[in-house]
S.K.: 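Structure in structure tokens, see below.
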Amino acid sequence: MANYWLVKQEPTAYAWEEFLRDKKTDWTGVRNFQARNNLRAMKKGDQVLYYHSNVGKEIVGIATVSKESFPDPTATEGDWICVELKPLTALKNPVCLETMKSDKILKDTSLIKQSRLSVMPFTKEQFARVLELGK
DNA sequence: GCCAACGTTGGC
DNA sequence: GCCAACGTTGGC
């Protein structure tokens with residue numbers, strides 16, 4: 001069964017639009033143990049929400065895991081990994097942080113509770129709620 | 001630009 | 001192994 005995730009990225013660094021243009025990207029540069037463990041748990045075909053931090057502060061699209069964890073080529077030392085992601089579809093209506101905060105289901109997500117984590121799991125219910133709000 | 005949250009580092 | 005200092009992230 002597929003799992004659900006959310007990754008965070010500053011649009012000034014790598015925006016969703018750029019991701020779309022590239023068709024796929026290696027999700028490198030994660031240097032946080034908890035985030036790494038989440039990356040490692042990703043399976044091919046899992047669905048991944050794409051969140052723009054700082055600028056926008058909204059979930060803008062959905063991606064899928066196209067390649068499971070492999071060593072992060074940008075890491076010069078340490079045991080770091082990355083995955084390959086492919087964009088699936090943009091949300092018609094991006095779901096902003098404020099909306100999530102006031103939503104009964106989404107206010108308990110790691111995005112709200114652990115604001116600094118950059119890769120986090122979402123439950124099926126939370127994921128479905130984002131899609132519902134993003135239609 | 002500020003500040004809170006939190007992860008990491010280093011001295012003891 | 002504890003904890004203070006420091007750096008980074010991200011919301012406001």
Side-chain angles (χ1 to χ4, degrees):
Chain A
M1 195 189 72
N3 287 307
Y4 303 95
W5 310 92
L6 180 142
V7 295
K8 228 162 32 176
Q9 184 58 271
E10 296 184 40
T12 49
Y14 191 72
W16 168 257
E17 292 75 21
E18 211 174 334
F19 182 32
L20 272 184
R21 221 177 303 132
D22 290 346
K23 304 280 200 313
K24 65 175 183 181
T25 193
D26 289 343
W27 207 255
T28 57
V30 170
R31 298 292 181 271
N32 168 283
F33 294 111
Q34 206 179 340
R36 183 198 65 189
N37 292 343
N38 289 332
L39 277 185
R40 186 167 279 152
M42 286 186 183
K43 297 289 176 201
K44 196 172 176 178
D46 283 358
Q47 293 192 294
V48 183
L49 297 167
Y50 200 103
Y51 176 77
H52 275 172
S53 64
N54 281 316
V55 182
K57 281 171 286 181
E58 57 192 10
I59 299 172
V60 289
I62 307 161
T64 188
V65 178
S66 49
K67 204 182 285 178
E68 292 176 18
S69 68
F70 56 97
D72 183 344
T74 69
T76 51
E77 58 174 24
D79 176 26
W80 300 110
I81 54 141
C82 60
V83 297
E84 184 190 84
L85 298 179
K86 279 186 180 168
L88 280 184
T89 165
L91 291 180
K92 266 199 194 104
N93 294 299
V95 179
C96 69
L97 189 65
E98 203 177 329
T99 304
M100 298 181 69
K101 274 186 173 170
S102 57
D103 188 79
K104 217 166 135 189
I105 295 168
L106 297 176
K107 70 175 170 53
D108 290 327
T109 57
S110 309
L111 187 68
I112 312 283
K113 293 187 152 177
Q114 245 184 303
S115 63
R116 292 189 54 197
L117 189 60
S118 62
V119 181
M120 66 197 78
F122 256 52
T123 66
K124 193 175 181 179
E125 192 188 20
Q126 290 164 347
F127 185 85
R129 182 65 179 153
V130 172
L131 295 198
E132 177 65 27
L133 292 172
K135 277 204 291 212

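Chain letters run A, B, ... following the sequence lines, proteins first, then strands; residues in each count from 1. Keep in mind that this is a model prediction, so the values were computed, not measured.
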S.K.: Could you tell me if the side chain of A/Trp16 sits less than 4.5 Å from the side chain of A/Tyr51, heavy atoms only?
M.R.: no
S.K.: Report the distance from atom CD of A/Glu58 to atom CE of A/Met100, rounding to the nearest 0.5 Å.
M.R.: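 The distance works out to 11.5 Å.
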S.K.: For the salt bridge (charged side-chain N to carboxylate O under 4.0 Å, His left out) test, which of A/Arg40, A/Arg31, A/Arg36 pairs with A/Asp72?
M.R.: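 That would be A/Arg31; it is the only one of A/Arg40, A/Arg31, A/Arg36 passing the salt bridge (charged side-chain N to carboxylate O under 4.0 Å, His left out) with A/Asp72.
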S.K.: Can you say whether the rings of A/Trp27 and A/Tyr14 are parallel (under 30°), tilted (30 to 60°) or perpendicular (over 60°)?
M.R.: perpendicular
S.K.: N/O contacts under 3.5 Å, protein versus nucleotides 1-4 of chain C?
M.R.:
none

S.K.: Please enumerate all protein N or O atoms sitting under 3.5 Å from an N or O of nucleotides 6-12 of chain C, with distances to 0.1 Å.
M.R.:
| residue | atom | partner | partner atom | Å |
| --- | --- | --- | --- | --- |
| C/dG7 | N2 | A/Arg116 | NH1 | 3.3 |
| C/dT8 | O2 | A/Arg116 | NH1 | 3.4 |
| C/dT8 | O2 | A/Arg116 | NH2 | 2.9 |
| C/dG10 | OP1 | A/Lys8 | NZ | 3.0 |
| C/dG11 | OP1 | A/Tyr51 | OH | 3.0 |
| C/dG11 | OP2 | A/Asn54 | N | 3.0 |
| C/dC12 | OP1 | A/Lys101 | NZ | 2.3 |

S.K.: Working to the nearest 0.5 angstrom, can you tell me the gap between A/Glu68 CD and A/Glu84 CD?
M.R.: 11.5 Å
S.K.: Taking the six-membered ring of A/Phe70 (Phe, Tyr or Trp), confirm whether the NZ or CZ of A/Lys67 is under 6.0 Å from its centre and within 45° of its axis.
M.R.: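 Pair A/Lys67/A/Phe70 counts as cation-pi.
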S.K.: When you measure from the side chain of A/Ser115 to the backbone of A/Leu111, do you find a donor-acceptor pair of N or O atoms at a distance under 3.5 Å?
M.R.: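 The answer is no, because no donor-acceptor pair under 3.5 Å joins these two groups.
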